Every structure is written in C-alpha cells, then in structure tokens.
Amino acid sequence: MTSKKPAPPEGLSTAGEAMWNDIVGSWDLRSDELRILKDACFEADIVDTLQRNLGDLTTMGSQNQMVVNPLLPEIRQHRGVVSNLLKQLKLPDESDTPEARSSQAREAANARWHKRTG
C-alpha cells in the first residue's frame, strides 16, 4: 500500500516548493518532521528572496563610507537556519552506502599511506 504524499504548504515559492517536493517525494515523514520541513521550506524561500534582492555586495553607510550590504549577514543567518532545520530531519546521506563508505575508506587509507611513504 502506498501512502499519499502531502502537498506543499500554501504560500511556498519556487525554492521552498522544490525542496518540499524533493524531500517528501523521497522520504516518508512523520507529522513532526513535516512541520520541521515546512519551516525549512519557508526559510529557503526567504533565502531565495534575499538573494534575488541582494544587488551589490557593498552599499553606502551612514557616513558615506562603503559597508557590507546588510542583506549578506541576513542571507548567511537564514541559510544557517535552513541547514539546522534539515539536520533535525536526520535524513540519511544518499552517498552513505556501503560502496561509498568503502571507497572513502580506501581513499583515506591511500592518503595516509602516501603521507607516510612520500
């Protein structure tokens, strides 16, 4: 029996809706996880809107000096919120397969070996 995937929440823009569809299309989430995902999607929309409105990286300050555009720290802050919310979902890393772990372990061993032997 397949479960019906929840539709994206009302009010999401392109970035948030894409994130919602990607995650909900790949994973079955509990209601508490769906709430976290909803918040992450709205945050992704905020990041997208801020990014579109960023313009120049600098702007004129109150004393006619060049200062960092105040949207830059806002974008960084909201990206951090998105990241933290997505971490709370604890979705498995798609590259975390036995084959990927084996390949990563082999690369790490080779790096250690070459470091010791030159």
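Fair warning: this is a prediction, and the values are worked out from it, not measured in the lab. Residues: numbered from 1 along the sequence shown. The analysis underlying the following values was restricted to heavy atoms, covering all of them including side chains, and did not include hydrogens, waters or symmetry mates.
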Legend entry - Heavy-atom donor-acceptor pair, Trp20 side chain to Pro6 backbone, under 3.5 Å: yes
Legend entry - Distance (rounded to the nearest 0.5 Å) between Leu29 CG and Leu91 CG: 6.5 Å
Legend entry - Value rounded to 0.5 Å, distance of CD1 in Ile46 from OG in Ser13: 10.0 Å
Legend entry - Side-chain (Asn21) to main-chain (Glu17) donor-acceptor, under 3.5 angstrom: yes
Legend entry - Stepwise side-chain contact (heavy atoms from CB on, under 4.5 Å) check, Leu12 with Met19: CA-CA 10 Å; Leu12 283 180; Met19 180 188 293; over 6 Å; no
Legend entry - For Asn64, side chain to side chain donor-acceptor pair (under 3.5 Å) partners two or more places apart: none
Inset, instruction - Give the intermediate values and the outcome of side-chain contact (heavy atoms from CB on, under 4.5 Å) for residues Leu57 and Val68. - result: CA-CA 6 Å; Leu57 299 180; Val68 171; over 6 Å; no
Inset, instruction - State whether the side chain of Asp45 and the backbone N or O of Gly16 hold a donor-acceptor pair below 3.5 Å, judged by distance alone. - result: yes
Inset, instruction - For the pair Asp48 (side chain) and Ala44 (backbone), establish whether a donor and an acceptor sit closer than 3.5 Å, ignoring hydrogens and angles. - result: no
Inset, instruction - Show your reasoning for whether side-chain contact (heavy atoms from CB on, under 4.5 Å) applies to Trp27 and Glu33. - result: CA-CA 11 Å; Trp27 308 102; Glu33 293 170 327; over 6 Å; no
Inset, instruction - Run through the side-chain heavy atoms of Ile, Leu, Val, Met, Phe, Trp and Tyr, join any pair under 4.5 Å, and report what else lands in Met60's cluster. - result: Met66
Legend entry - Distance in Å, Cys41 SG paired with Asp22 CG, rounded so as to fall on 0.5 Å steps: 9.5 Å
Table please: side-chain donor-acceptor pairs of residues 69-89 below 3.5 Å, with sequence neighbours left out.
| residue | atom | partner | partner atom | Å |
| --- | --- | --- | --- | --- |
| Asn69 | OD1 | Leu71 | N | 2.9 |
| Asn69 | ND2 | Leu54 | O | 2.9 |
| Asn69 | ND2 | Asp56 | O | 2.8 |
| His78 | ND1 | Glu43 | OE1 | 2.6 |
| Arg79 | NH2 | Gln51 | OE1 | 2.8 |
| Asn84 | ND2 | Gly80 | O | 3.3 |

